[in-house]
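Worth saying up front: this structure is predicted, and the values here are computed from it rather than measured. Here, residue 1 is the first one in the sequence, and each next residue gets the next number. Just so you know, ligand 1 is whichever comes first in the structure, and atom 1 is the first atom listed for that ligand.
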Amino acid sequence: MTSAGTPRFAGKVAVVTGGSRGIGAAVAARLAGEGAAVAIGYRSGREAADELVAELKTQGAEVIAMRADVADPDETEALIEYAVAEFGQLDILASCAGIEHFDALENVTPADFDRVYTVNTRGQFFAAQHAAARLRAGGRIVLTSSVSASRAIFAHTLYASSKAAVESMVLNLAPELGARGITINAIAPGGTATDMAAEHAASYQHPKLAGKIPMTEWLTTHGALGRLADPAEIAAGYAFLASGDASYMTGRTLQLDGGHF
Ligand SMILES: NC(=O)c1ccc[n+]([C@@H]2O[C@H](COP(=O)([O-])OP(=O)(O)OC[C@H]3O[C@@H](n4cnc5c(N)ncnc54)[C@H](OP(=O)(O)O)[C@@H]3O)[C@@H](O)[C@H]2O)c1
């Protein structure tokens, strides 16, 4: 709420890619909960997206969902155009869609490389491009990096580098978009309790510890807060960057990692 009691995102329209589950679903819920009309994109999770839409609608939110695989920039553009057609404008892009990858250097194939970069890197670049075409002054773009972009994890090079590129993207797009009054930043989440973390928990380790201790124990040692984030705690960061409170922040990556050293 603002000091006047109006929800912070009342009158704003947001697109959330990868909004059917995990961090993206929490971002969609947070923005909608604070008054934004939200268009959720998903790749395969139609049922989950529809359930989220139904739940948020019962809370009075304006929410729509559509299949939009960010591997195809035309589908991302279609999602953004759907939001504009339904709600009349675009104010916020939260680019949350992403995929994990772990493997040692000798096992990574060109097809693996293309698959991971096509979603995590190329997908986010063209999401920013298509959103920028519709955003006006005051518009906000929030992309998704990872703690992995700046901490070495065993056999994680492909994913980590696909996310590091996103931090460079926001840095370099900031002046281009700043000239139009639009900000662009990234969030670098640490380990967050989602399907992705559950599926790959055993692999997230310091190179010298890989496979030797459970991730929860490793986080207790290496994370200042000693636990995974709840997706809602990460969504709070997207909401901050999407809000007027972040009007002087652009080109930066916000580390939301519970103090991961
Ligand atoms: N969880 C963590 O610990 C962590 C840490 C750092 C960064 N991140 C990043 O945070 C973001 C969200 O992660 P998460 O943990 O919430 O992942 P998740 O639980 O695996 O959920 C991934 C979401 O992205 C969507 N998605 C995947 N590929 C897509 C594509 N090609 N096009 C459109 N949507 C696609 C999925 O949609 P469908 O279900 O429809 O396929 C789903 O909604 C990702 O960018 C991830 O890299 C996560």
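- Scanning all protein heavy atoms for the shortest distance to atom 41 (O) of ligand 1 gives Ser44 OG, 2.9 Å.
- Nearest heavy-atom pair across Leu52 and Ile40 is CD2-CD1, 3.6 Å.
- Contacts with ligand 1 closer than 4.0 Å are made by backbone heavy atoms (N, CA, C, O) of Ser145 only, the side chain lying farther away.
- With Arg43 as reference, Asp69 is the one residue of Val119, Asp72, Val70, Asp69 to meet the side chain to side chain contact (heavy atoms under 4.5 Å, CB included) rule.
- Nearest heavy-atom pair, Ala61 versus Ala32, reported as atom, atom and distance to 0.1 Å: CB-CB, 3.8 Å.
- The ligand atoms of ligand 1 that sit less than 4.0 angstrom from a heavy atom of Gly191 are 3 (O).
- For ligand 1, the atoms closer than 4.0 angstrom to any heavy atom of Gly22 are 16 (O).
- Atom numbering of ligand 1 starts at 1 in the shown order; those under 4.0 Å from a heavy atom of Lys163 are 44 (C), 45 (O), 46 (C), 47 (O).
- Put simply, the residue from Ile184, Thr183, Ile182 that forms a side chain to side chain contact (heavy atoms under 4.5 Å, CB included) with Leu173 is Ile184.
- To the nearest 0.5 Å, the span separating NZ on Lys163 from CG on Asn120 amounts to 4.5 Å.
- The closest protein non-hydrogen atom to atom 47 (O) of ligand 1 is Tyr159 OH, 2.6 Å.
- Close approach of ligand 1 to Gly45 (heavy-atom distance below 4.0 Å) involves ligand atoms 38 (P), 39 (O), 40 (O).
- In this structure, Ala68 is part of the shell of residues with a heavy atom less than 4.0 angstrom from ligand 1.
- Using a 4.0 Å cut-off between heavy atoms, Ile99 contacts ligand 1 through its side chain alone, with no backbone atom that close.
- Counting heavy atoms from C-beta on, the side chains of Gln255 and Ile187 never come closer than 4.5 Å.
- Protein heavy atom nearest atom 27 (C) of ligand 1, with residue, atom name and distance: Gly98 O, 3.6 Å.
- Here the side chains of Thr144 and Tyr238 are in contact, with some heavy-atom distance below 4.5 Å.
- With hydrogens and angles left out, the side-chain atoms of Glu81 and His130 include no donor and acceptor closer than 3.5 Å.
- For ligand 1, the polar-atom distance check finds an N/O of Gly18 within less than 3.5 Å of one of the ligand's N/O atoms.
- At least one N or O atom of Arg43 sits closer than 3.5 Å to an N or O atom of ligand 1.
- Contacts with ligand 1 closer than 4.0 Å are made by heavy atoms of both the backbone and the side chain of Pro189.
- Contact check for Val27 versus Arg30: no side-chain heavy atoms found under the 4.5 Å cut-off.
- Ligand 1 places these atoms under 4.0 Å from at least one heavy atom of Val119: 31 (N).
- When heavy-atom distances to ligand 1 are checked against a 4.0 Å cut-off, Thr144 comes that close only through its side chain, counted from C-beta outward.
- The closest protein non-hydrogen atom to atom 11 (C) of ligand 1 is Cys96 O, 3.0 Å.
- From Thr194, atom OG1 reaches atom CG of Asp230 across 10.5 Å, with rounding to the nearest 0.5 Å.
- Of the protein's non-hydrogen atoms, Arg21 NE, 2.8 Å is the one closest to atom 39 (O) of ligand 1.
- Nearest protein heavy-atom neighbour of atom 2 (C) of ligand 1: Thr192 N, 3.6 Å.
- Of all atoms in ligand 1, numbered sequentially from 1 with element shown, those under 4.0 Å from a heavy atom of Gly190 are 3 (O), 5 (C).
- Residue contacts with ligand 1, taken as heavy atom pairs separated by less than 4.0 Å, do not involve Ala229 at all.
- Of all the heavy atoms of Asp69, the ones lying under 4.0 Å from any atom of ligand 1 are found in both the backbone and the side chain.
- Of the protein's non-hydrogen atoms, the one nearest atom 37 (O) of ligand 1 is Ser20 OG, 3.2 Å.
- Within the hydrophobic cluster formed by Ile, Leu, Val, Met, Phe, Trp and Tyr side chains joined at under 4.5 Å, directly or through other members, Tyr248 stands alone, with no partner residue.
- With rounding to the nearest 0.5 angstrom, the CG atom of Leu135 is 8.0 Å from the CG atom of Leu177.
- Ranking protein heavy atoms by distance to atom 16 (O) of ligand 1, first place goes to Ile23 N, 2.8 Å.
- When the heavy-atom distances from atom 34 (N) of ligand 1 to Ala97, Ser95, Gly123 are ranked, the shortest goes to Ala97.
- Among residue pairs with one or both ends in residues 165-180, none qualify as salt bridge (charged side-chain N to carboxylate O under 4.0 Å, His left out); sequence neighbours excluded.
- The closest approach between Gly41 and ligand 1 stays at or above 4.0 Å for every heavy atom of the residue.
- Inter-residue side-chain proximity for Glu55 and Glu51 is flagged as unmet; no heavy-atom pair is nearer than 4.5 Å.
- The shortest N or O to N or O distance between Val147 and ligand 1 is not below 3.5 Å.
- Atom CG in Asp257 sits 10.5 Å away from atom OG in Ser148 (nearest 0.5 Å).
- Residue Glu199 does not touch ligand 1, judged by heavy-atom distances below 4.0 Å.
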